[in-house]
There are 2 protein chains.
Amino acid sequence: MELNERKKRILYAVVANHIQTAEPVGSRTVARAYRIGLSSATIRNEMADLEEMGYLEQPHTSAGRIPSQKGYRYYVDNLMGDGQLTEEEELSISRSLGLEKMREIEQIIANAVKVLSSVTNQTSLIMGPQFQKSTFQQMRILPLDDRRGLVVLITDSGFIKNKVIELDQSLSPAELHQVVTYLNQKLYGLTIDQVTTSLINELKRDLFRRLEILEQAFILLEESLREERQARVFLGGTTHILTQPEFKSVQKVHQMLSLFEQEALLFEILEQDLAKDDIVVRIGTENKYEDIQECTLITAAYKIDRRILGSVGVIGPTRMDYQWVIAVLRRLVDQLNQTLSSNR
Amino acid sequence: MELNERKKRILYAVVANHIQTAEPVGSRTVARAYRIGLSSATIRNEMADLEEMGYLEQPHTSAGRIPSQKGYRYYVDNLMGDGQLTEEEELSISRSLGLEKMREIEQIIANAVKVLSSVTNQTSLIMGPQFQKSTFQQMRILPLDDRRGLVVLITDSGFIKNKVIELDQSLSPAELHQVVTYLNQKLYGLTIDQVTTSLINELKRDLFRRLEILEQAFILLEESLREERQARVFLGGTTHILTQPEFKSVQKVHQMLSLFEQEALLFEILEQDLAKDDIVVRIGTENKYEDIQECTLITAAYKIDRRILGSVGVIGPTRMDYQWVIAVLRRLVDQLNQTLSSNR
DNA sequence: AATTAGCACTCGATGTCTTGGAGTGCTAAG
DNA sequence: CTTAGCACTCCAAGACATCGAGTGCTAATT
């Protein structure tokens, strides 16, 4: 499986050139442009070898070679170096993310995806922080008028959920306050996931004994928790994918865009590598979902104080400037982590 | 400008047929399919007249005719009847909108656009209620801990905005309460638009005399008001437009989708006919924005207790089943109005 | 033994030509 | 005024020729 130095250089040349031009790369091109010091004939032989070994493929007999999925994988793992951003790119990332102050977390996230897509010129996606994984901090009920109240629920990672509810008429303010205090006490520090229906029922029974009126208060709690089992996914630069030559058929575009409309699917896609603590590159069929098996997905997790909150990524054709996109993503995540953490 | 009966029937036939088939319509087709009782030759003559009058046009000499923009306009204004929905369609609208209970207004809106696009198979858009136009009801500040507080601002049409702020350390709870009470008193019943910076400054001066510490409290108020000058626009079924034969070139698709990514533009587009109290049909160049001058936009305003909140619409190629889409839209808006009003 | 020049061959892309058919406009007859 | 008939137009689709980039193989060279 190991390639000798010469094969490596040739493979590198083919991949690099193909990434740039989107065209099959011929032996002449490699010979001339990458000063390997060999004639095209020799390179032709090597390329034939590389094809046999599965790193390259030929669209048709008399065309040049293009990298296979395995070829890209080898390139990503062994050949490419670390990408370097231009000063301009650096700036546009830090400027647009660094200056955010005290904004809602969702806004920061939504902005991040815009920055990412506009810098990379690729479609980007980001998974919002998972409500379920954040921990309960406190809950309040604000009486609005005599019939209705506003429930406010706050979690540690900056989520604020609110919901207007009908208040049980027979519940006195003092009693209401008592219920709320009780709940805060019991729930503090639990993750939302841990606030299961059975826990709620238990609390309900417990309270019932002391206070006999609070159906509504519990319904609200359950409701606001049940909602959003799944985090939001933000998309940016959806149309960038249309500028790629590999998406010049309307049919493919359609397939791709339909996928983008299915938030639940995007969520699953982003969620799978959430635990990994580095950049994850999924090339072609390394993706589980058929619809993106002609694409590459590059993702990274973002964190707040070392705790992983969600995942952000770029999706595009397998022919992608891996080196550079990875550098951008890395930079963006750093900045994002910093911004989020300093906001607490 | 008036057309005789025969011309009307022929124009109707051409439009109706073209809407169905997306192909140019020939004289033979009209003669056979629409039992006008005339030969194709006669119809040919009439069609030539209609073309000269500007209602029809010919893609090229030896092709059939297609309706011109003027032709569609005449069809919409004078020829088509009221569309009828199937029971199934009726049901799917009322089922998916009717059952909503006590949900946030934004959720109802976001759902409505999904329903509309999936029933019509067209791209749909809906403008969320304008925060600016709703009236201030009350504002509260919930202390979270000793440094921070949660500001909650509630308006009549169901908006609830919240924001975490740093509290001025030197502000005692009693004083804070006093400020909030004062503000509520002064601002109640004003639309958000009316809460201008100058008004805030005035209040600030007024309060300053009595209470000398509240910079922060005002900053928050201004900030939460300054945000969202513009309502959100929700989109649904973006990809439906790709199934239309008039969008078979990737370039057009790209242009269209790029437009969809610009929320501010969509907002302007939807806002322009907001005051009109009926369905508005804008065909081709009747749209101000160049990018959609090959499209038709059909919009309608939705209301809560007679007050117009926002606007919902469908966008597609000028060749659109006007009659039916209008019927669907009408039905949906009725249902939406009802749902929204009953939620108060 | 490795490299390279040389050459025949392959195959898609591009351009030209032909053919067929749908539809028109005009004319002359009903 | 209507219609049958016919010549004419023009696009779409297929057939065919041409071109050139690139290959694989062979034989000569280092």
Side-chain angles (χ1 to χ4, degrees), chain A residues 3-11 13-18 20-68 71 245-246 248-250, chain B residues 3-11 13-18 20-68 71 245-246 248-250:
Chain A
L3 298 180
N4 64 34
E5 204 51 41
R6 200 163 78 182
K7 285 203 171 59
K8 281 188 191 175
R9 294 191 62 179
I10 293 175
L11 179 55
V14 173
V15 175
N17 194 281
H18 182 65
Q20 268 212 330
T21 63
E23 297 288 317
V25 185
S27 52
R28 259 177 76 89
T29 319
V30 174
R32 258 187 313 189
Y34 291 81
R35 44 181 77 215
I36 300 192
L38 292 172
S39 78
S40 65
T42 313
I43 293 183
R44 245 184 332 267
N45 289 327
E46 292 286 38
M47 281 167 80
D49 286 356
L50 283 168
E51 180 174 357
E52 209 171 338
M53 297 165 81
Y55 293 101
L56 295 179
E57 46 196 41
Q58 235 176 344
H60 54 87
T61 330
S62 69
R65 305 299 208 293
I66 59 175
S68 68
E246 25 280 271
K248 59 178 188 280
S249 108
V250 176
Chain B
L3 299 180
N4 64 35
E5 204 51 41
R6 201 163 77 181
K7 285 201 171 59
K8 282 188 189 173
R9 294 191 61 180
I10 292 174
L11 179 55
V14 172
V15 176
N17 194 280
H18 182 65
Q20 269 212 329
T21 63
E23 297 289 316
V25 184
S27 53
R28 259 177 76 90
T29 318
V30 175
R32 257 189 310 188
Y34 291 81
R35 44 178 78 217
I36 300 190
L38 292 171
S39 78
S40 66
T42 313
I43 292 182
R44 248 188 325 271
N45 288 327
E46 292 285 37
M47 280 167 78
D49 287 356
L50 281 169
E51 180 174 357
E52 209 171 338
M53 296 165 81
Y55 293 101
L56 295 180
E57 46 196 40
Q58 236 177 342
H60 55 87
T61 332
S62 70
R65 304 299 206 296
I66 60 174
S68 67
E246 19 290 85
K248 60 177 186 281
S249 107
V250 175

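Here is the naming used below: chain letters follow the sequence lines, and residue numbers restart at 1 for every chain.
For the pair Tyr55(A)/Val14(A), no side-chain contact is recorded, criterion being any heavy-atom separation below 4.5 Å from C-beta on.
Across every non-hydrogen atom of His18(A) and Pro67(A), the tightest pair is CD2-CD, 3.6 Å. Across all non-hydrogen atoms, the minimal contact from Ser27(A) to Ser40(A) is CB-O, 3.6 Å.
For the atom pair CG (Leu11(B)) and CG (Asp49(B)), the distance works out to 12.5 Å, reported to the nearest 0.5 Å. Atom CZ of Arg9(B) sits about 9.5 Å away from atom CD1 of Ile43(B), to the nearest 0.5 Å.
The side chain to side chain donor-acceptor pair (under 3.5 Å) search around Arg6(B) returns Glu46(B), not counting sequence neighbours. Under the side chain to side chain donor-acceptor pair (under 3.5 Å) criterion, Ser39(A) pairs with Thr42(A), sequence neighbours left out.
Bounding nucleotides for the chain B contact on DNA chain C, 5' to 3', at a heavy-atom distance below 4.0 Å, are dA22(C) to dG25(C).
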Could you list all N or O pairs between the protein and nucleotides 11-20 of chain D that sit under 3.5 Å apart?
none

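With DNA chain D read from its 5' end, the first of the two nearest nucleotides for Thr61(A) and Thr61(B) is the one closest to Thr61(B).
Checking the phosphate oxygens (OP1, OP2) of dT2(D), a side-chain nitrogen or oxygen of Arg6(B) falls inside 4.0 Å.
Listed by residue number, Arg44(A) are the residues of residues 39-46 of chain A with a heavy-atom contact under 4.0 Å to DNA chain D.
Each of Leu56(A), Val30(A), Ile10(A) was evaluated against Val25(A); a single residue qualifies, Val30(A), per the side-chain contact (heavy atoms from CB on, under 4.5 Å) test.
Open room surrounds CD on Gln20(A); 12 or fewer heavy atoms of other groups in view lie less than 6.0 Å from it.
Applying the salt bridge (Lys or Arg N to Asp or Glu O under 4.0 Å) test to every pair with at least one member in residues 57-67 of chain B, sequence neighbours left out, gives these pairs: Glu51(B)-Arg65(B).
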